[in-house]
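See structure below.
These numbers were taken from a predicted model, which means no experiment stands behind them.
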Amino acid sequence: MSTKIYCEHCDTEIKDGEEFFEACMGQFFCKDCMKESNVTYYSVDSEPIGSEDEVNVYYNHKQLKEELEHKIKWCEDWIKIYKDDNTKAGKLILNFYKEKKRISEEQLKEYFE
């Protein structure tokens, strides 16, 4: 009986003696497809707060204000795109950006007015 193991990404057979990886029980990947990377995460009192993609760093109040204004503008652009989309997904996305805009406007008002 021969064992056949295939890479989940490229479907190449992984031969015995070749380096390979297992992620999520039973998902195997060959060494050519798997890439190692490091993620920076932030914590407070050993409690994880978020990754480098989720945590913003500001060096002054002006940067925060500009970021909030940018988020509001960005949401307004997406709201324009989805305002006439009557699909279920379109309505969900529209409501998401409306809420994100509302929160950013509240933060802008709370911190800077």
Summary of salt bridge (Lys or Arg N to Asp or Glu O under 4.0 Å) pairs that have at least one residue in residues 40-65, sequence neighbours excluded
Lys62-Glu66
Taking all non-hydrogen atoms of both residues into account, name the closest pair between Ser43 and Ser46 and its distance.
CB-C, 4.2 Å
Cluster overlap Ile72 with Phe112, hydrophobic side-chain contacts below 4.5 Å:
yes
Return the CZ to CD1 distance between Phe20 and Ile5, rounded to the nearest 0.5 Å.
4.0 Å
Starting from Tyr82 and following side-chain heavy-atom contacts under 4.5 Å between hydrophobic residues (I, L, V, M, F, W, Y), which residues can be reached?
Trp74, Trp78, Ile79, Ile81, Ile93, Leu94, Phe96, Tyr97
Applying side-chain contact (heavy atoms from CB on, under 4.5 Å) to Cys10 and not counting sequence neighbours gives Cys7, Thr12, Cys30, Cys33
Considering only Ile, Leu, Val, Met, Phe, Trp and Tyr, and joining two whenever side-chain heavy atoms are under 4.5 Å apart, list the other residues clustered with Met34.
Phe21, Phe29
Looking only at heavy atoms, the pair that brings Ser51 and Val39 closest together is CB-CG1, 4.1 Å
Could you note down all residue pairs passing salt bridge (Lys or Arg N to Asp or Glu O under 4.0 Å) where residues 91-104 supplies at least one of them, sequence neighbours left out?
Glu76-Lys101, Glu99-Arg102, Lys101-Glu105, Arg102-Glu106
How far does CD of Glu110 sit from CG of Leu68, to the nearest 0.5 angstrom?
10.0 Å
Test of understanding: with salt bridge (Lys or Arg N to Asp or Glu O under 4.0 Å), list the residues that count as partners of Asp84, not counting sequence neighbours.
none
Report the residues that fulfil side-chain hydrogen bond (donor to acceptor under 3.5 Å, both in side chains) with Asp85, sequence neighbours left out, ordered by chain and then residue number.
Thr87
By side-chain hydrogen bond (donor to acceptor under 3.5 Å, both in side chains), Lys83 pairs with (sequence neighbours left out) none
Taking atom NZ of Lys71 and atom CG of Leu108, what is their separation to the nearest 0.5 Å?
11.0 Å
What residue pairs, at least two apart or across chains, pass salt bridge (Lys or Arg N to Asp or Glu O under 4.0 Å) with a residue in residues 14-33?
Glu13-Lys15
Pairs involving residues 35-69, ordered by first then second residue, that meet ring pair (Phe, Tyr, Trp, His ring centres under 6.0 Å) (sequence neighbours left out):
none
Any chance you could measure Glu69, atom CD, to Glu67, atom CD, to the nearest 0.5 Å?
10.5 Å
